[in-house]
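Keep in mind the model is a prediction, meaning the values are calculated, not measured.
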Amino acid sequence: MKVLEIKDLVIEYQTMDGTVHAVNNINLDLEEGETLGLVGETGAGKTTTALGVLRLIPDPPGVIKSGQILLKGKDIMSMSGEELRAMRGDEISMIFQDPMTALNPVLTVGEQIAEIYFLHNECSRAESMEKAREMLEMVGIPGERADEYPHQFSGGMKQRVVIAIALACQPALIIADEPTTALDVTIQAQVLDMMKNLKDQLETAMLLITHDLGVVAEVCDKVAIMYAGEIVEYGTLEHIFNHTMHPYTMGLFNSLPSLDKDADRLRPIHGLMPDPTDLPSGCPFHPRCPYARPECAESHPELRDYGNGHLARCLFCDGQLGAENTAEEEKPAMAAATEKEQTLDVLLEAVHLKKYFQTRGGLLHAVDDISFTIERGKTLGVVGESGCGKSTLGRALIGLNEATDGQVLFEGQDVTHLKGRERRKFLTNMQMIFQDPFSSLDPRKTVFEQIAAPLRINKVCRNKRELEQRVADLMETVGLARRLTYSYPHELDGGRRQRIGVARALALEPKFIVCDEPVSALDVSIQAQVLNLLQDLQAAKNLTYIFITHDLSVVRHISDDIMVMYVGCMVEKCASHELFDYPLHPYTKGMLSAVPIPSINMEKKRIIMQGELTSPVNPKPGCRFANRCPYATDECRSVQPAVEEVRPNHFVACHHVREINGL
């Protein structure tokens with residue numbers, strides 16, 4: 001039975017700049033127990049399609065111009081307001097992209113989960129709260145945390161709460177809008193397994209909106225690729241991954257960093273998504289297509305069936321694409337300096353660095369006795385689960401969180417406790433790209449004002465014209481269209497807001513940048529552009545990065561060395577290739593096994609890490625991974641392991657690392 005049918009759907013927004021053609025005549029359907037992945041860059045129309053299914057398009061300025069949406073044969077377009085409210089949350093649930101705005105800050109997470117269950121089921125308040133605790137356990141959060149508020153959770157944990165709310169009533173259709181973007185790989189693996197199990201048990205259909213093709217490979221049965229409001233390719237998982245036909249789909253795969261091989265540069269799709277108020281004639285993708293011919297600008301291709309339900313919207317994708325236009329990739333002017341010799345002196349050193357926070361329950365050990373060095377011109381990747389202290393470490397290094405103990409040395413100078421003018425001067429050399437773009441941007445300032453602020457404060461530009469040109473160059477570098485210059489943060493999606501943060505951090509061309517999840521909210525093509533940009537800047541200016549991320553394929557691509565953190569402690573550190581080829585710590589092995597790979601031909605053996613994260617508040621003696629480690633002994637539970645060099649430049653904190661790995 002078909003759970004969802006979308007027929008000839010057209011959605012538009014009326015704006016001062018003209019009509020935004022957000023969704024253009026798309027057709028989709030979902031069977032019971034089936035998962036459809038909706039993939040495409042930011043602005044392709046994926047989220048608008050999902051909001052259209054729920055009849056949540058803001059009117060005005062949005063309007064569903066035409067089309068039909070059926071849920072188990074019932075016409076959603078003809079439903080009354082009361083019928084829609086009864087349907088939402090019960091028959092259809094949505095997992096929203098941004099947990100910060102999806103959760104109510106003045107209600108406990110338990111109350112928010114219980115509310116949706118209470119509204120749609122005949123039960124008592126006590127029963128609904130018990131259900132809330134059950135749902136928290138299902139998504140990997142201890143049930144006793146139901147009485148805590150959203151601000152007491154890390155970003156990944158907030159997203160888990162949002163998923164628990166959506167799953168509470170076991171709906172027939174789940175619309176998941178980037179449900180794992182904010183999750184680390186181990187929790188992502190658990191959530192994906194949970195979603196697959198739920199689908200199998202209840203025959204729940206799922207519409208999964210994502211830019212992570214690895215997630216698509218793990219979860220989906222069918223895939224629809226969207227571009228400029230249209231479906232450009234549609235088929236089974238095997239069709240899309242093994243028999244790709246459309247040049248845009250090929251470009252998405254080419255933009256991905258790989259876990260199993262090294263590459264100096266990624267191959268992004270050049271250019272930007274077209275302005276939806278002024279779509280190009282002919283094929284909307286032709287201005288960016290490496291195979292484009294004159295006919296592509298004149299004739300709009302139809303969605304054709306090339307056999308077995310594999311559809312593609314291209315004039316020449318049936319074996320007639322021809323040779324790819326291999327025009328040399330345009331690089332920033334500074335990339336010309338890549339041949340210069342780099343000095344390998346230490347730029348930054350952390351010495352027994354600690355950062356504790358006082359809470360009602362005691363001292364929270366966010367960063368606990370970490371020491372490392374970073375050479376000038378190198379990148380140190382920092383990985384670990386949500387709440388392990390990665391972001392706090394980055395903030396402590398540049399003084400946003402003053403260290404409790406230890407030292408931060410920058411070019412040999414102790415900068416741990418700088419104040420006033422000295423600190424301001426120092427910060428021109430150190431910048432940060434923040435994890436949450438919405439909370440790091442001023443909602444009252446335009447894109448131009450956000451990017452121009454550091455340039456103005458530090459008097460970098462001589463006049464207004466130079467300032468405007470500098471901002472325009474930065475916007476182009478990070479993939480922001482000129483038409484967004486005077487837009488405000490609330491008018492932009494998460495990907496575009498993150499690009500503002502990247503541009504602002506790059507504005508002063510600092511020596512050292514803490515990159516806290518800088519590409520987690522970006523689609524794969526813009527992610528590739530930003531990663532290439534960061535590498536170009538590093539090569540030209542000898543920049544040094546700390547790159548904090550939960551995307552291990554990204555950290556392998558950009559990092560020279562990688563440090564693995566667990567509940568405030570460093571558990572492993574070595575060269576990037578060494579970590580992936582010879583992981584030694586049990587936690588590192590489990591984390592690597594959980595990474596979703598954008599391939600359906602590779603078999604993976606997943607190491608399931610059972611148990612809960614050790615509390616960082618007044619942690620007990622012993623290894624903090626002991627309660628989840630299959631090799632733990634009494635020694636592990638009572639004695640904190642020291643960090644030792646097990647292989648050349650390969651440091652591990654584990655009592656039994658040699659025994660486990662046969663060293």
Under 3.5 Å donor-acceptor, Ser559 side chain and Ile562 backbone: no
Minimum heavy-atom distance Asp414-Leu409, with the two atoms named: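 The pair with the smallest heavy-atom distance is CA-CD2, 3.6 Å.
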Sidechain N-carboxylate O distance under 4.0 Å for Asp275, Arg483: yes
Flag, side chain of Arg497 to backbone of Glu491, donor-acceptor distance under 3.5 Å: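 No; zero donor-acceptor contacts below 3.5 Å.
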Pairwise side-chain contact, Phe547 with Pro518, heavy-atom cut-off 4.5 Å (strictly under):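 Yes. Closest side-chain heavy atoms under 4.5 Å.
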Pairwise side-chain contact, Val216 with Asp212, heavy-atom cut-off 4.5 Å (strictly under):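 No. Closest side-chain heavy atoms not under 4.5 Å.
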Pair Glu233-Thr249, side-chain donor/acceptor within less than 3.5 Å: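 There is such a pair (donor and acceptor under 3.5 Å, judged by atom type) between the side chains of Glu233 and Thr249.
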Intermediate values then yes/no, side-chain contact (heavy atoms from CB on, under 4.5 Å), Leu380 and Lys573: CA-CA 10 Å; Leu380 173 65; Lys573 179 181 179 292; 4.0 Å; yes
Phe410-Phe426 aromatic ring centre distance below 6.0 Å: yes
Backbone of Val460 reached by a side-chain donor or acceptor of Asn458 within 3.5 Å: no
Separation of Ile546 CD1 from Met430 CE (nearest 0.5 Å):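 One gets 8.0 Å once the value is rounded to the nearest 0.5 Å.
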side-chain hydrogen bond (donor to acceptor under 3.5 Å, both in side chains) between Ser553 and Asp551, worked out: CA-CA 6 Å; Ser553 59; Asp551 189 330; 2.6 Å; yes
Residue pair Met432, Ile513: steps toward the side-chain contact (heavy atoms from CB on, under 4.5 Å) verdict: CA-CA 5 Å; Met432 187 166 186; Ile513 299 178; over 6 Å; no
Salt-bridge contact Arg376-Glu411 (side-chain N to carboxylate O under 4.0 Å): yes
Thr588/Glu572 under side-chain hydrogen bond (donor to acceptor under 3.5 Å, both in side chains): CA gap, chis, key distance, verdict: CA-CA 8 Å; Thr588 307; Glu572 190 162 1; 2.7 Å; yes
From Gln538 atom CD to Lys378 atom NZ, the distance as rounded to the nearest 0.5 Å: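 Answer for the CD-NZ pair, Gln538 versus Lys378, is 8.5 Å.
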Shortest non-hydrogen contact from Ile433 toward Ala505: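 Scanning both residues, the minimum pair turns out to be CG1-CB, 3.3 Å.
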Ionic contact status for Asp516 with Lys390, cut-off 4.0 Å: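 So Lys390 does not pair with Asp516 through a salt bridge.
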Any side-chain heavy-atom pair of Lys354 and Val367 under 4.5 Å: no
Distance (rounded to the nearest 0.5 Å) between Ile95 CD1 and Leu208 CG: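 Answer for the CD1-CG pair, Ile95 versus Leu208, is 8.5 Å.
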Euclidean distance, Arg267 CZ relative to Asn254 CG, rounded to 0.5 Å: 4.0 Å
Electrostatic pair Glu41:Arg288 at N-O distance under 4.0 angstrom: yes
Thr549 side-chain N/O to Glu517 backbone N/O, donor-acceptor pair under 3.5 Å: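 Flag not set: sc Thr549 to bb Glu517 has no pair under 3.5 Å.
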Mutual orientation of the aromatic rings belonging to His490 and Tyr488 [parallel < 30°, tilted 30-60°, perpendicular > 60°]: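 If you compare the ring of His490 with that of Tyr488, the planes turn out parallel.
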Non-hydrogen side-chain atoms of Phe285 and Pro247 separated by less than 4.5 Å: yes
Approximate separation, where rounding is to 0.5 Å, of Gln450 CD and Met475 CE: 11.5 Å
Glu402 backbone acceptor or donor facing Lys355 side chain under 3.5 Å: yes
Arg482 with Glu476: basic N within carboxylate O range, under 4.0 Å: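 A salt bridge is absent here (no side-chain N lies under 4.0 Å from a carboxylate O).
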Intermediate values then yes/no, side-chain contact (heavy atoms from CB on, under 4.5 Å), Phe153 and Leu103: CA-CA 11 Å; Phe153 292 80; Leu103 295 175; over 6 Å; no
Derivation of the side-chain contact (heavy atoms from CB on, under 4.5 Å) call for Gln535 and Thr379: CA-CA 10 Å; Gln535 290 178 300; Thr379 299; over 6 Å; no
N/O donor-acceptor pair under 3.5 Å between Thr544 side chain and Gly377 backbone: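 Looks like yes, one N/O pair under 3.5 Å.
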Which residues share a salt bridge (charged side-chain N to carboxylate O under 4.0 Å, His left out) with Arg395, sequence neighbours left out: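 Checked Arg395 against salt bridge (charged side-chain N to carboxylate O under 4.0 Å, His left out); zero matches.
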Residue pair Gln469, Asp473: steps toward the side-chain hydrogen bond (donor to acceptor under 3.5 Å, both in side chains) verdict: CA-CA 6 Å; Gln469 185 58 50; Asp473 290 344; 2.8 Å; yes
Spacing of CD1 belonging to Ile500 relative to CG belonging to Leu484, to within rounding of 0.5 Å: 8.0 Å
Intermediate values then yes/no, side-chain hydrogen bond (donor to acceptor under 3.5 Å, both in side chains), Thr47 and Asp177: CA-CA 7 Å; Thr47 299; Asp177 187 0; 3.1 Å; yes
